[in-house]
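Numbered from 1 within each chain, the chains take letters A, B, ... in sequence-line order.
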Amino acid sequence: MSEAEKRPTNFIRQIIDADLESGKHSSVQTRFPPEPNGFLHIGHAKAICLNFGIAQDYQGLCNLRFDDTNPEKEDIDYVHSIEADVKWLGFEWSGETRYSSQYFDKLHGFAVELIEKGLAYVCFLTGDEAREYRGSLKAPGKNSPHRDSSVEDNLALFDKMKNGEFKEGECVLRAKIDMTSSFMCLRDPILYRVRFAHHHQTGDKWCIYPMYDFTHCLSDAIEGVTHSLCTLEFQDNRRLYDWVLENVSIDVIPHQYESSRLNLEYTVMSKRKLHTLVEEKLVNGWDDPRMPTIAAFRRRGYTPGSLREFTKRIGVTKMDNTVEMGVLEACIREDLNDNAPRAMAVLDPIKLVIENYPAGQVEELNVKNHPSDDEQGTRIVPFAAELYIEAEDFREEANKKYKRLVLDKAVRLRGAYVVTATRCDKDSEGNVTTVYGNYNADTLGKNPEDGTKPKGVIHWVAAEQSIDAEIRLYDRLFNVPNPAAEEDFHRVMNEGSLITISHAKVEPSLVNAKPEQAFQFERQGYFCRDNKDSQGDKLVFNRTVGLRDTWAKMDN
RNA sequence: AGGGGUAUAGCCAAGCGGUAAGGCAGCUGGUUUUGAUCCAGUCAUUCAGAGGUUCAAAUCCUCUUACCCCUGCCA
């Protein structure tokens, strides 16, 4: 793992360093607490790397805990996808997978304790009434008429709630804190609500479910979490987090620290918007390679190490930020440049006929799999008189800057010979269909004797021996850097975010490509075999990212 | 009648009273059988703004400005 060299420094690690040094803690316990109501995205990858990374570096432990307090929105399928994503990213959680729902009995006990202390009450205000009583950001709220019910009554009422004697929405359990607090979350927040819903873990055992603010802090404490890391929007909630822990009989006191969420240019990160993309079939599922989900990055060809490196490079702070795609792309290019074997694929083929090459002859050329890493070996690439080359790699005439095949000029065929174009055929629309030329037989693995070294190198495949493949070219999902700021993101979707090339020609060695196996198609970019639609002998490759292309920039 | 946060280059981000790290992007050259990679060089006299303290301020103080979050029986 290349990211092992130097540890990142950030304000959270500084806090941990201080806590360890002061003796406040002797070990570190973190947790990654997703709600199983959707697929994990790259923002979660940041949280995963933060929590698991800290546990690793401090010889601590990190739990995987599903925050499953809202059965109506959650699903066991999401539990499985999330577990798979965390593992794939390369992390191992401490012990078994945990669920907040495991603690429902304990949580219920703490709720009863609060009632007994006169710190919680059952409230029968309707939603509308409660909103009115809550006041506003600038005006204090007022006390619920049920706020001063006796402890005995509240105990009995809460028991009836638990026993299903109240309808959904009829009443809730609330903490008795302060209806005039400037922290809205301290204006007698709801602790429990009634929901007659089947839960994926607890089945039909409960008809009351605890709210996040009550559950999270207690779950952290129960698990002995020392540093509870979350995102900035929970800063106010920290007051409630601390209130609950202070008012309940529990000895471990975790502390919550907040850092900013990740925003990435040209995509959306909110679960709601991602759900919309999937539900409206604007993409082909959660793992559509255009999505910012972990499953999608995986399918697209991003490696776990590249995602880990990315989270390391972007850092951890409290500043709102929007990271450029270029950072992510640099990470995967760096990984794949070193590790992906090279291959040749022609996406937009035209024929190149070498007229002085013996008809019918096929040479098996040995070509290096990596230009500078000999350990990666060689492969056999067939060469024959009829080849395919990229349409854009030939021009009848061109200026000196164009370093590819031009009439009467020479070019190097990658890993093979130097050829010179002599003439070409065109179709009725003027498009070149076939280029004719001659090759220099004495240029295999060496430059021409006459010192005329060609400027350019182009890729190719042997026409007869090549195989067909479908190649999917992906681009950003949106045309604007911040689609989330748009009134309606549908209007800024990139129509060209997926281009499917159904009959690309690829070199025969690629039949052996395994799902998710990465290659660099020379001069094109990094590709991997699709892990879903590429079954049997059907070959589908996804473009992970293109090569850095300074020529394209000059061309503009 | 508000409260909680954040401001350092195009984008991230170190810095924690001693004279602005690093990465990405960009720009210049060099190598190259990938217009890739790689290599060398370059890229903030200034830290949201204005005052103040100090021999010395991005760091401390005061005021101002901008942006984000908070009024779900979501998390």
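Minimum atom distance to the side chain of A/Asp67 is reached by B/A75, of the listed B/A75, B/C73, B/A36. For A/Ile314, the listed nucleotide lying nearest its side chain is B/C12; candidates were B/U71, B/G15, B/C12. Comparing B/G3, B/U34, B/C70 by their nearest atom to the side chain of A/Val457 picks out B/U34. With B/A13, B/A36, B/A75 as the choices, the nucleotide that has an atom nearest any side-chain atom of A/Met319 turns out to be B/A13. Checking B/C70, B/A36, B/A75 against every side-chain atom of A/Met211, the shortest atom distance belongs to B/A75. Checking B/C12, B/G35, B/U71 against the side-chain heavy atoms of A/Arg404 singles out B/G35 as nearest. Nearest nucleotide to the side chain of A/Arg313, out of B/A75, B/C24, B/G72: B/C24. Of the listed nucleotides (B/G5, B/A36, B/U34), B/U34 has the atom at the smallest distance from the side chain of A/Gln520. Side-chain atoms of A/Arg238 lie closest to B/G5 of the nucleotides B/G5, B/C12, B/G3.
Atom-to-atom, CZ of A/Arg523 to P of B/U33 comes out at 15 Å; the value is rounded to the nearest Å. A straight line from CG of A/Leu405 to P of B/G35 spans 14 Å, rounded to a whole angstrom.
When heavy atoms are screened at a 4.0 angstrom cut-off, A/Gly456 is found touching no nucleic acid atom at all. Nucleic acid contact for A/Ser100: none, since no nucleic acid atom lies under 4.0 Å from a heavy atom of the residue. Using a 4.0 Å heavy-atom cutoff across all strands shown, A/Val172 reaches at least one base atom of the nucleic acid. Counting non-hydrogen atoms under 4.0 angstrom, A/Pro454 reaches nothing in the nucleic acid. Residue contacts for A/Val411: at a heavy-atom cut-off of 4.0 Å it reaches no nucleic acid atom on any strand shown. Contact annotation for A/Pro140: base contact, defined as any heavy-atom pair under 4.0 Å involving a base atom. A/Ser181 comes within contact range of no nucleotide atom at all, as no heavy-atom separation falls under 4.0 Å. In this structure, A/Lys403 reaches the bases: a heavy-atom distance under 4.0 Å links it to at least one base atom across the strands shown. At the heavy-atom level, A/Tyr192 lies nowhere under 4.0 Å from the strands shown. In this structure, A/Gly326 reaches the sugar-phosphate backbone alone: every heavy-atom distance under 4.0 Å involves primed, P, OP1 or OP2 atoms, never a base.
Anti is the conformation of B/G52, whose glycosidic angle sits further than 90° from 0.
Across B/U54 and B/U59, the matching C1' atoms stand 13 Å from one another, rounded to whole Å. As rounded to the nearest Å, B/U45 and B/U8 have P atoms that lie 15 Å from one another. B/C61 and B/G3 have their C1' atoms separated by 24 Å, given to the nearest Å. B/A14 and B/U46 are spaced 16 Å apart, taking the C1' atom of each and rounding to whole Å.
Aromatic ring orientation, A/Tyr209 versus A/His199: parallel (interplanar angle below 30°, classes split at 30° and 60°). Between A/Phe527 and A/Phe521, the ring-plane angle classifies as parallel under the 30° and 60° cut-offs. In this pair, A/Tyr241 and A/His216 present their aromatic rings tilted. The plane angle is within the 30 to 60° band.
Proximity of A/Arg342 to the phosphate of B/U37: no side-chain N or O atom is located under 4.0 Å from OP1 or OP2. Phosphate contact (OP1/OP2 of B/G72, side-chain N/O of A/Arg131, threshold under 4.0 Å): present. The phosphate of B/G26 (OP1 or OP2) has a side-chain N or O of A/Arg548 nearer than 4.0 angstrom. Between B/U6 and A/Thr317, no contact under 4.0 Å exists linking OP1 or OP2 to a side-chain N or O. In this structure, A/Gln524 does not reach the B/G35 phosphate: none of its side-chain N or O atoms is under 4.0 Å from OP1 or OP2. Side-chain N/O atoms of A/Lys138 include none lying less than 4.0 angstrom from OP1 or OP2 on B/G3. Between A/Arg187 and B/G3, a side-chain N or O to OP1/OP2 separation shorter than 4.0 Å is absent. For B/G35, the OP1/OP2 oxygens have no side-chain nitrogen or oxygen of A/Arg414 closer than 4.0 Å. At the phosphate of B/G4, neither OP1 nor OP2 sits under 4.0 Å from any side-chain N or O atom of A/Arg239. Taking side-chain N and O atoms only, A/Thr69 has a distance below 4.0 Å to OP1 or OP2 of B/A75.
Classification of A/Arg239 and A/Asp242 as a salt-bridged pair fails, no side-chain N sitting under 4.0 Å from a carboxylate O. Between A/Glu507 and A/Arg379, at least one side-chain nitrogen of the basic residue sits less than 4.0 Å from a carboxylate oxygen of the acidic one, meeting the salt-bridge criterion. A salt bridge between A/Glu334 and A/Arg313 is present, with a side-chain N of the basic residue lying under 4.0 Å from a carboxylate O of the acidic one.
Interface remark: the A/Asp549 side chain does not form any donor-acceptor pair with the B/G35 base, using a distance-only criterion of under 3.5 Å. If you check distances only, the side chain of A/Gln14 does reach the base of B/C16 with a donor-acceptor pair under 3.5 Å. One can find a donor-acceptor pair under 3.5 Å joining the base of B/U33 and the side-chain atoms of A/Arg412. Side chain A/Glu324 to base B/G10: a donor-acceptor pair is found below 3.5 Å.
Among the candidates A/Ile222, A/Thr215, A/Thr69, A/Leu218, the single residue satisfying the side-chain contact (heavy atoms from CB on, under 4.5 Å) test with A/Tyr103 is A/Ile222. The only option from A/Arg147, A/Lys142, A/Lys176 that meets the salt bridge (Lys or Arg N to Asp or Glu O under 4.0 Å) definition with A/Asp188 turns out to be A/Arg147.
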In dot-bracket notation, what is the pairing pattern of RNA chain B, taking Watson-Crick (N1-N3 plus N6-O4 or O6-N4) and G-U wobble (N1-O2 and O6-N3) contacts under 3.5 Å, with [ ] crossing and | for other strands? .(((((((.[[[..)..(...]]].(((((.......))))).....[[[[[..)....]]]]])))))).....
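Mapping A/Arg195 and A/Leu413 onto RNA chain B by nearest heavy atom places A/Leu413 at the nucleotide closer to the 5' end.
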